[in-house]
Amino acid sequence: EKSMKKFVYIIVCLWLVLICSFVLKQEFTLKTGKEVLLKTVPVDPRDLLRGDYVILNYEVAQIPPYFRDYGENKTVYVMLRVDKKNVAHFAGITDKKPKTLFLKGRTGNCQTTIPFFRSGRCVSYGIESYFVKEGTGRGLEKDLRNGALVKVAIDKNGNAKVKGFVQK
């Protein structure tokens, strides 16, 4: 019985360490990551079960057709070029970790806004949905359609977290 109690304590401690490390990793990215702005196209402002949220489709997620096809569900690194207004733009894609600023993601199929390229390959970065205060989802969607930008922090490994929104 004593060894069983010890085993339960060890399992509980391991779970606490795992949960804390996940939270700390997220916070570390928010505090130390390079802050840039991303242009978005919102998709949906409300979920009856989860409350208000926006699904964000980033311009830098749409791979132009003249870049090599990386297949479905592959890890890729999208290199970013940041302009004078701190807005990040697609600068290239690779399957090797680059030395420049980049976002790490996984490839998939999507509908795009690239002219003459109705559907194609996109990258998901894990920052495509963002929960907001109840009653504010539709207003945020309108702001994003009017040019508001998403502020994200990107760590040295290409992981990103949404920090907020900025009016253009």
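Worth knowing before you read on, the calculation uses all heavy atoms, side chains too, and leaves out hydrogens, waters and symmetry mates.
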Tell me, do Asn57 and Gln62 make a side-chain contact under 4.5 Å, heavy atoms counted?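 Yes - at least one pair of side-chain heavy atoms lies under 4.5 Å apart.
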Taking side chain as C-beta onward, heavy atoms only, is Val123 less than 4.5 Å from Ile93?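 In contact.
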Who pairs with [X] by side-chain hydrogen bond (donor to acceptor under 3.5 Å, both in side chains), at least two apart in sequence or on another chain?
X      : answer
Thr100 : none
Asn157 : Lys97
Thr107 : none

Extract all donor-acceptor atom pairs below 3.5 Å that involve side chains of residues 12-25 and protein atoms in other chains or at least two apart in sequence.
| from | atom 1 | to | atom 2 | distance (Å) |
| --- | --- | --- | --- | --- |
| Ser21 | OG | Val17 | O | 3.2 |
| Ser21 | OG | Leu18 | O | 2.8 |

Got a sec, which residues hit side-chain contact (heavy atoms from CB on, under 4.5 Å) with [X], two or more places apart in sequence or on another chain?
X      : answer
Phe7   : Met4, Ile11
Lys99  : none
Ala88  : Val36, Leu38, Leu80, Val82
Lys156 : none

Residues which pass ring pair (Phe, Tyr, Trp, His ring centres under 6.0 Å) with Tyr125, listed by chain and number, not counting sequence neighbours: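 Testing Tyr125 for ring pair (Phe, Tyr, Trp, His ring centres under 6.0 Å), a comparison that skips the adjacent residues, returns none.
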Return each pair, listed once, that meets salt bridge (charged side-chain N to carboxylate O under 4.0 Å, His left out) where at least one residue sits in residues 70-81; pairs must be two or more places apart or across chains.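 Applying salt bridge (charged side-chain N to carboxylate O under 4.0 Å, His left out) to every pair that reaches into residues 70-81, excluding sequence neighbours, yields Glu72-Arg121.
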Thr75 OG1 to Arg106 CZ distance, which is reported to the nearest 0.5 Å: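 The OG1 atom of Thr75 sits 3.5 Å away from the CZ atom of Arg106.
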Reported CG-to-NZ distance for the pair Asn86 and Lys34, which is rounded to 0.5 angstrom: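 Reported value, rounded in 0.5 Å steps: 5.5 Å.
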Connected via hydrophobic side-chain network under 4.5 Å: Ile127 and Met79: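 No.
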In the single-linkage hydrophobic clustering (I, L, V, M, F, W, Y; side-chain heavy atoms under 4.5 Å), do Leu101 and Leu103 co-cluster?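 Linked within one cluster.
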Should the heavy atoms of other residues, nucleotides or ligands under 6.0 Å from NZ of Lys163 be counted, would the total exceed 12?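 It does: Lys163 NZ has more than 12 such atoms within range.
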Tell me, which pairs form a ring-ring contact (aromatic ring centres under 6.0 Å, His included) where one or both residues lie in residues 80-99, sequence neighbours left out?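 Residue pairs passing ring-ring contact (aromatic ring centres under 6.0 Å, His included), neighbours aside: Phe67-Phe90.
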Where is the tightest heavy-atom contact between Leu149 and Val87, given as atom of each residue plus distance?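 Here Leu149 and Val87 meet closest at CD1-CG2, 3.7 Å.
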Might you point out which heavy atoms bring Val60 and Val78 nearest each other, and give the distance in Å?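 Taking Val60 first and Val78 second, the nearest heavy atoms are O-CG1, 3.8 Å.
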Co-members of Phe102 in a cluster of I, L, V, M, F, W and Y side chains, linked at under 4.5 Å: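 Tyr77, which link up through side-chain heavy atoms under 4.5 Å apart, make up the rest of the cluster.
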